[in-house]
Amino acid sequence: MTRASTRWGRMASAVTAMALASGSLAASLIAAPEARADSWRDKQYWLAESGITKAWEVSKGANVKVAVIDSGVDAKHPDLKGAVVGGSDASGAGSADGQKSIGSKPEHGTLVATMLAGRGHQPPKSTASPTPAPGPDGIVGVAPEAQILSVSTWLGSQNPGGKTDQEQIPAAVRWAVDNGARVINISLGSTSPEWPQSWDAAFLYAEQKDVVIVAAAGNRVGGNVQVGAPATIPGVLTVAGLDREGAASIDSSSQGISIGVAAPAENLIGGMPGDGYAEWAGTSGATPIVSGVAALIRSKWPEMTASQVINRIVTTAKDAGAPGKDPIYGFGVLNAEAALKDDVPETKVNPLGTVADWIRIHRRGEAAATTPAAEPGNSPTSAPPTLPAATIPVAEAPSQLDSAVPAVVVVGFGTLFLAIIGGAVFQLRRASRNPRNLREGPETGVLDKVDSTGT
């Protein structure tokens, strides 16, 4: 076995541990026969506190398709009526329309979709005539007029469809791009900051087709101290989590230099398959809040590039933590009103980098042959794209925080880091010899309460 194949084998074992961003559920069913859906609506504190209700004065996400790459979305949920306009299955174990709830956390995709584009619903026995405005009961999403594309994947446990995450993720991304998604929500994570080379072309394809990809940073409560792929891919808008007080969540967020913005991740509310509701937590719930804001922007300014959309979100964020960009809050705390109303200078550069440059620099000697990119036209295509002309990356000056760290501390942490990596490699090698030792996947969210009766 070659040195390169050994390295990819170890990395693949880590990526195989990928799971939905809610991780294993710690759910306790509660009987609530008298519960009204509007009691859940009242708990959506982030709509006001993150500036979303003010942003609705400008846009509600009309005519924008957002792909939810997850465990499948139940389009029959009362708060998603008319929201799901298409879908597909990348796992081989779901339904062709992507609406069957599958995987180790089958409810996850519906929780995400309702937070992103829920429409709410009318009260029981209501005589009110249908209106474009969200119903007064149930969950209203950040972009209540956006359209959902559901792409189902099976992650977190052995897939009966036989397809691995190395196959499912790139297939899901390509399908979403080819079917009109302007924003892609990926509320899942892995135990490794690296990603398989099989993902390169798909994320490059989305970048070249000007699609915004938003991904969850992962949660400490599930062992994700550091952000894992796909949230480490350059150009992806990575979302960290906040607690109820607006500070970095101890449980519901990890950290890393790829974080772009932070959003609420605790005491969240979402819809369950069927007609139920749940309280939950995790960056998997923070991610659709940010994806929804991206949809609001793309609806208001259809010609705005993905780089400009991301730049508008991160530059209008409220600075938090260490001054400037930091590995806890990224550029700061999401401010949806400012993202829709502030004057933001145009840019041609994605502040979070590009996967094209990363491939050009880091895959030298490993890159697989590619075919020419498809010519633009009316027919969707997923032909592998070619790399753009090489550019010279701009070096960034070290932050004051970096320069203030004594060399002895850097060396100490470097030694500790190598020890941790060595231990991880040992565990991965051991796990590869005995698959039962592989953990099911990182927990990046916790389901707190469930009302399975609906209203």
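Since the model is a prediction, treat every value here as computed from it, not as a measurement.
Minimum interatomic distance between V64 and R298 (heavy atoms only, all atoms of both residues): CG2-C, 3.8 Å. In terms of heavy atoms, W175 sits closest to G87 at CZ2-O, 3.4 Å. Taking each heavy atom of T354 and E207 in turn, the nearest pair found is CA-OE1, 3.3 Å. Taking each heavy atom of V177 and V211 in turn, the nearest pair found is CG2-CG2, 4.1 Å. Residues P351 and V314 approach most closely at CG-CG2, 3.8 Å, considering heavy atoms. The two atoms that bring K163 and G92 nearest to each other are CD-N, 4.4 Å, heavy atoms only.
Looking at S258 and L352, their side chains never come closer than 4.5 Å, going by heavy atoms from C-beta outward. Taking 4.5 Å as the limit, every side-chain heavy atom of F331 sits out of range of all side-chain heavy atoms of I313. Within the 4.5 Å cutoff, the side chain of V142 has heavy atoms near those of the V293 side chain. A heavy-atom distance below 4.5 Å is not found between the side chains of N159 and T164. The closest side-chain heavy-atom distance from L80 to D74 is not below 4.5 Å. Residues K105 and S71 fail the side-chain proximity criterion, which asks for heavy atoms closer than 4.5 Å. For the pair D165 and W199, the minimum side-chain heavy-atom distance is below 4.5 Å. Taking the side chain as every heavy atom from C-beta outward, I184 and F203 never approach each other to under 4.5 Å.
Rounded to the nearest 0.5 Å, atoms CG (L188) and OG1 (T283) are 10.0 Å apart. How far CD1 of I102 is from OG1 of T153: 6.0 Å, rounded to the nearest 0.5 Å. Distance check, rounded to the nearest 0.5 Å: CG of D200 to CD1 of I359 gives 4.0 Å. Here the OG1 atom belonging to T305 is positioned 8.5 Å from the CG atom belonging to N311, to the nearest 0.5 angstrom. Separation of atoms CD1 (I328) and OG (S254) is listed at 9.0 Å; rounding is to 0.5 Å. A distance of 8.5 Å separates CD of Q226 from OG1 of T232, quoted to the nearest 0.5 Å.
Judged by distance alone, with hydrogens and angles left aside, the side-chain atoms of S50 form no donor-acceptor pair with the main-chain N or O of L47 at under 3.5 Å. With hydrogens and angles ignored, the 3.5 Å screen pairs no side-chain donor or acceptor of D319 with any backbone N or O of P323. Under the 3.5 Å distance criterion, the side-chain polar atoms of H362 are left unmatched by any main-chain donor or acceptor of D357. Side chain of S249 to backbone of G241: no donor-acceptor contact under 3.5 angstrom is found. Panel note: side chain K325, backbone I259; a donor-acceptor pair is recorded below 3.5 Å. One N or O on the side chain of R312 and one on the backbone of D342 form a donor-acceptor pair closer than 3.5 Å. Between the S190 side chain and the A229 main chain, a donor and an acceptor come within less than 3.5 Å of each other. At distances below 3.5 Å, at least one donor-acceptor pair connects side-chain atoms of Q44 with backbone N or O atoms of V140. At distances below 3.5 Å, not a single donor-acceptor pair connects side-chain atoms of S187 with backbone N or O atoms of T287.
Within a 6.0 Å sphere centred on NZ of K100, other residues, nucleotides and ligands contribute 12 heavy atoms or fewer. Within 6.0 Å of CD on E57 lie more than 12 heavy atoms contributed by other residues, nucleotides or ligands.
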- Query: Would W301 and V309 satisfy side chain to side chain contact (heavy atoms under 4.5 Å, CB included), going step by step from the backbone distance to the final call?
  - Reply: CA-CA 9 Å; W301 297 286; V309 171; over 6 Å; no
- Message: Apply side chain to side chain contact (heavy atoms under 4.5 Å, CB included) to residues S284 and H108 and explain how you reach the verdict.
- Response: CA-CA 9 Å; S284 57; H108 194 272; 3.3 Å; yes
- Message: Could you walk me through whether Q99 and K76 satisfy the side chain to side chain contact (heavy atoms under 4.5 Å, CB included) test, starting with their C-alpha distance in whole Å, then the side-chain angles of each, then the deciding distance to 0.1 Å, before giving a yes or no?
- Response: CA-CA 9 Å; Q99 295 181 23; K76 295 181 180 179; 5.6 Å; no
- Apply the test side chain to side chain contact (heavy atoms under 4.5 Å, CB included) to residues V58 and L296: give CA-CA distance (whole Å), side-chain angles for both, the deciding distance (0.1 Å), then the verdict. CA-CA 8 Å; V58 178; L296 300 182; over 6 Å; no
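Qualifying ring-ring contact (aromatic ring centres under 6.0 Å, His included) partners for W56, counting only residues two or more places apart in sequence or in other chains: none.
Of the N and O atoms on the side chains of D79 and H121, at least one donor lies less than 3.5 Å from an acceptor on the other residue. For W154 and S157, the side-chain atoms include at least one donor-acceptor pair closer than 3.5 Å.
Ring-plane geometry between W40 and Y277 is classed as parallel, the angle between the planes falling under 30 degrees on a 0 to 90 degree scale with a further cut at 60.
The stretch residues 80-91 participates, sequence neighbours left out, in these side chain to side chain donor-acceptor pair (under 3.5 Å) pairs: D89-S91, D89-S152.
Each of I148, V112, I213 was checked for a side chain to side chain contact (heavy atoms under 4.5 Å, CB included) with N185, and the lone residue meeting it is V112.
D210 and R182 are joined by a salt bridge, as a carboxylate oxygen and a charged side-chain nitrogen come within less than 4.0 angstrom of each other.
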